[in-house]
Every structure is written in structure tokens, then in C-alpha cells.
Enquirer: 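Before I ask anything, let me first share the structure, which is written out below as C-alpha cells.
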Amino acid sequence: MKNIALVGMPNTGKSTLFNRLTGAHARVGNWPGITVDLLSAKLVMGSQIVQWVDLPGIYDLQGYSEDEKVVTHFLQQQRPDLIVFVMNASQLDRQITLLHQLLALNIPMLAVLNMADEAKALGITIDFKGLSQSLGIPVCMLSAKYGQGMEQIQPALNAALSALARPTAAALSVQEISVAMERHVQSPHQLSHPLTERVDRWLLHSWLGLPIFLVVMLLVFQTVFILGKPLQDGMAWLFLQGRELALEPLLSSWPELWQGLLLDGVYNGLSTVAGFVPLIVLFFIFMGLIEDTGYLARAAFLMDALMARFGLDGRSFVMLLMGFGCNVPALMGTRVLRSRGLRLLTMLTVPFSLCSARLQVFVFFTAALFNVHQAPWVLFSLYLISMAASIVTALVFKSKYVNSDAFVLEMPPYRFPTARQIFYRGWQEVNHFVHRATRFIILGVVLVWVLTHFPLGVETASAQSWAGHLGEWLDPLLSPLGITPQLSIALLFGFVAKEIVIGSLAVIYGLEGNALMQSMGQHINWLQAYSFMLFTLIYTPCLSTIATIRSESKSAAFTLLSVIWPVALAWITSFTFYQIAVRIVSI
Ligand SMILES: Nc1nc2c(ncn2[C@@H]2O[C@H](COP(=O)(O)OP(=O)(O)OP(=O)(O)O)[C@@H](O)[C@H]2O)c(=O)[nH]1
Ligand SMILES: [Mg+2]
């Protein structure tokens, strides 16, 4: 089987080309460092099966950040049959060194001048056939995002693979490559992206930039909820119909215990969590828009000076924002940080980012205990506290994990996301949910069901049930925070995945969706709910996050710290809030 590797500088469109060629759905975004691990897909080409490998972006082969090491390791160990070198056609001169280094590897190569659309808009003309002759390797020019020029790639690949095309260019010096580029590339004296420059005048404004960014984020959250709420209600209604019209009649002849497990356990738990899927999909689409337009890179730039005070940098801030979706890719995204100190400090702060799984818990509790005017502000306050927890953590640990690297970030031009990209982003989230549902949620709710219904004959979730005993055992620790034994059980399972929190409450109370919400409103007051939300926000991240921290940090001691510190911080925060708030309210 032939191995073809996509190599190039960050943000040149390697993953976009990979997706277009193989039909895969690698994550794409207008941010240098979206791909941090290798991804492969097999494809039948002509009479043979070819394995395509999408690699992280690199600046040169001597790079030592974790994502760059993935590339150098791959090139050395696997030695692909062909390198497809993906270049940004409007910045060819910046990629000469890397081209030279890759040619010297003496592996057949095809150079793809991508983003032909942008080069054209900038007034750059490239005689790519002439360039191909001068360099001695096949060259094609296309636009992976919009699909123009894709028809050239097949013949070019064949030429590169068949002609036993050891690049005769292996011996070309940097100087010679530069001369070839100069001869075949005509660009205007000054390159300008008029749209990007005009927009940046506002968005990167020295004192308006930050407020604008905060307003944009606030608007995103508001829009997600305004659009998401009816969708969420619709889902809840669908699930209720499914239960009443299909499942209940179907299972009516089954033994009561099994009916209980399947309907009140698995179905209630799963459908309550699934009700949030539309909201989460919307949230990711908006985060995707921010990422794909290039605004994320601006956020890094705007926040850098502030983050430096906490021992972090602008890129760490972007990881915190990415963590609002899911902490796992954000933790992996820290691979682009070259300083190990900065990387570990960022990894310690990322798990406080209010991820979409926690968002479900908060949307649920705010809807149950606060009115429609208060709810958005309650949620916004949790986002601010999420940031504050990250900052406090950074301040506490910055002298232990010292940043030894300067902040360098390429500012990409603004780009319009395509409908296709947005669609896949949403689709991936649905997939992600199904994956987590089958892996954690079903197992979690079944376990909670068993704990709340056994020993047989006891009242569900009563003090006599196994769950009741567990709750009592946790009570001395959690009752000073206003957290009831039932909520403690949910928290305990939240260690595995935060989605189980709501799922297990559905099982504990034997209710789903809106009915569960109403019941919550009667069982606890708003202070308890807020204290519970604070605890859920800050305490230990989920199992996947812990596993990622372990594999990324390669340190058991660091992983332990990243579990213990948040639990301690969560307890202190909730305790302080609850004890003070109870006193104020009772005055
Ligand atoms: N205008 C234009 N934009 C493109 C083209 N190809 C990719 N893009 C955009 O460029 C950005 C980067 O694309 P990716 O495919 O994520 O780039 P990558 O090389 O995989 O980036 P890293 O994984 O970070 O190294 C995204 O916003 C894409 O939509 C193209 O042909 N034209
Ligand atoms: Mg990529």
C-alpha cells in the first residue's frame, strides 16, 4: 500500500485538501495549529489502495514543539512514498526553506499551490508549469476549499508516483529555489487584503478591540439560547411521544423491573441528555464560525498582554476558548506551544473551561430555578467564573511552570466559512454525542438506576438504597455546600462524564425533561442550585479529559495535580459562596 503524506506550513489547507480527496472530516479552521496529530484515510486510486496521511503544520524540519515532532517522527520512521507539499500560493517566498528541507529528504514530491482563489484576488500570477520545470517536481495550483483545479491533482499524482520521480531537485539550494520562484511568480509590490485590513481596524483597535470581543461572545451565547430553546423543547416533545406511543406499549408485557430499567433508567436518562444536542450543535457551529473566519487568532492577539501577567500567552487564551466546546481538543491543541512550562500551565487551566457537557447541566438548572430574565446572566456569570478559575490557577502555579517562549502568531486573513464546513462541524458534534452516549452515558445511567433501586423493595433513591448510603457517606463533605445527597450521587457520576449528571438526576427522580426540571425547582432552592453549578463547573474534569492530560503530559504526578487541585478549588469556592449567601439571604 502506498503512503502519501500531506505536509506544509500551518494553516495552508492540508486538512481541507485531505477532506476533499478522501471524503474524511478532519477538523479545519483558520488558526495555525488546528491539526496536532496525524490522521489517515485509505482511498482506492486506480488499481491500488493509497493511504493518505494528514499531518500537523510545520515551519521547518528542526521544529521541537510536540506537533512538529509528530511530523519529523513520521517522515523519518514511515518514509512516505510521496510527499504532497501544500503551499499557500500567496506566500510562496515564506515557504522556500521548508521546501528546500523537504526536497533534501529525497522523497518523491508533488507541490500543491493551494488557495489559488486568494492569490488571484491579490493579483498574484504564477506560471506553475514553468515552476514545475525549474524545480523538477510536478506542481499544480488549486483551491481546496472551493474545489477549483482539483482535476489536475490525479494526473499530477500519477506523474509524481510513477516517474520514479526521485526529485532531481534534491540538490537545489535555497538560492536556486528563490530564483525559480522569482522567475515564475509575479506579484504586485504591495499585497493587501482590503477586507481584512478594514475589519481589523475595528476588531484589533487598541482599546475598542477587547470590548467588541466580549460583546461578540455575549451575543453568541444569547443567540445560541434564543435559537436553541425551541429546538430543545421540540426534542423533549419527540422523546416523550416516543416513550408514550412506542416504548410503553411495546414493553408493557415485560417484568416491571425491566420496564423500570429500560424506561426510567436508560430511556429517561438518555433522552434528557439528548434533548440538549440541538443546543450543543448550535454552540459548536458558532464557535466554528469564530474559529473559521479567523477571529480566534485576533482573540489571541488581543488577550496576549493580559494573559502574560498570569504566566500564559495569547495562544493559551485561545485554548481556553476552544475548551468551551470540549476540553479534549483544546488540551491537544497545546502541542503548538513550544515551552513545556507554558504548555503544562495551559493544560492545568484548560479543564476549567465551561465545556458543552457542563453547559447542559447549567442550562438545565438555570431553567429550573431562575426566570427567563435571570437565566442568561446566571449562565454568563458561570462563564466568567470559569475564566476566573483558570486565571487563579495560572497565578498559583506560574512560578512552578515557567513560560520560556516568546509569543509568535501568524495572523491569517479573514475567510468566509462555507456551508459545507459549517454542516460538517454540526454533524461531528452529533457523532460525538452518539459516541459518548454509547460509551459513558448508558453505562452511567444503568449504574445509577441499579444503585437507586437496590436492594430490591426499597423506595427508589431513598436513604435505604445503595445510592442513599453513598449519598449519606458524602453528606458531611457536601452538605456545607448546600448539596443534597441526591445531587451528590449525580456529582459522583460526573467524574466519568458531565453528561451523566443530568442523566442520573433523571433516573434518581424517575422523571425526564421538563417534568424533571419542575421537580428540581421544588426540591432545592436557587442558592443550592448555584452552589451545585459552581462545584460542577470547577471540580475534576471528566475521564476523557484526565486521560488526555495523562497522555499529553506523560506525567502521573501532573495528572494527579490536575485532579486534586480542581476538587479543592471547587469545594472552597462553593463553600464560600453558599455559607456567605445563606447568611445574606436570611438577614
Ligand atoms: N480561500 C481559501 N481558503 C482555504 C483554502 N483551503 C483552505 N482554506 C482555509 O484555510 C484555513 C486553514 O485550512 P486547514 O485545512 O485547516 O489548514 P491546515 O493546513 O490543515 O492547518 P493546520 O492543521 O493548522 O496546519 C481554513 O479556514 C480553510 O477554510 C483555499 O483553497 N482557499
Ligand atoms: Mg490541518
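Only a predicted model underlies this, so the values are computations on that prediction, with no experimental measurement involved. Order of appearance sets the numbers: ligands from 1, and atoms from 1 within every ligand.
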Enquirer: Quick check on His73: does its NE2 atom have over 12 non-hydrogen neighbours (other residues, nucleotides or ligands) under 6.0 Å away?
Expert: no
Enquirer: Taking Thr349 for its side chain and Ser390 for its backbone only, find out whether a donor-acceptor pair lies under 3.5 Å.
Expert: no
Enquirer: I'd like to check the side chain to side chain donor-acceptor pair (under 3.5 Å) partners of Ser356; sequence neighbours left out, ordered by chain and number.
Expert: none
Enquirer: Evaluate the ring planes of Tyr383 and Phe283, with Trp represented by its six-membered ring, and classify them as parallel (under 30°), tilted (30 to 60°) or perpendicular (over 60°).
Expert: parallel
Enquirer: Report yes or no: do Ser173 and Glu176 form a side-chain donor-acceptor pair below 3.5 Å?
Expert: yes
Enquirer: In the protein, how many N/O/S atoms are under 2.8 Å from the Mg ion (ligand 2)?
Expert: 2
Enquirer: Using heavy atoms and a cut-off under 4.0 Å, could you grab the residues that are in contact with ligand 1, chain by chain, numbers ascending?
Expert: Pro10, Asn11, Thr12, Gly13, Lys14, Ser15, Thr16, Val28, Gly29, Asn30, Trp31, Pro32, Gly33, Ile34, Thr35, Gly57, Asn114, Met115, Asp117, Glu118, Ser143, Ala144, Lys145, Asp292, Arg415, Gln421
Enquirer: How would you list, by chain and number, every residue that makes a ring pair (Phe, Tyr, Trp, His ring centres under 6.0 Å) with Tyr424, sequence neighbours excluded?
Expert: His25
Enquirer: Might you work through the ring pair (Phe, Tyr, Trp, His ring centres under 6.0 Å) test for Phe213 and Tyr295, ending with a clear yes or no?
Expert: CA-CA 9 Å; Phe213 174 70; Tyr295 197 30; 5.7 Å; yes
Enquirer: Give a yes or no on whether Gln133 atom CD has more than 12 heavy-atom contacts from other residues, nucleotides or ligands under 6.0 Å away.
Expert: no
Enquirer: Can you tell me how far the CG atom of Leu142 sits from the CE atom of Met115, to the nearest 0.5 Å?
Expert: 11.0 Å
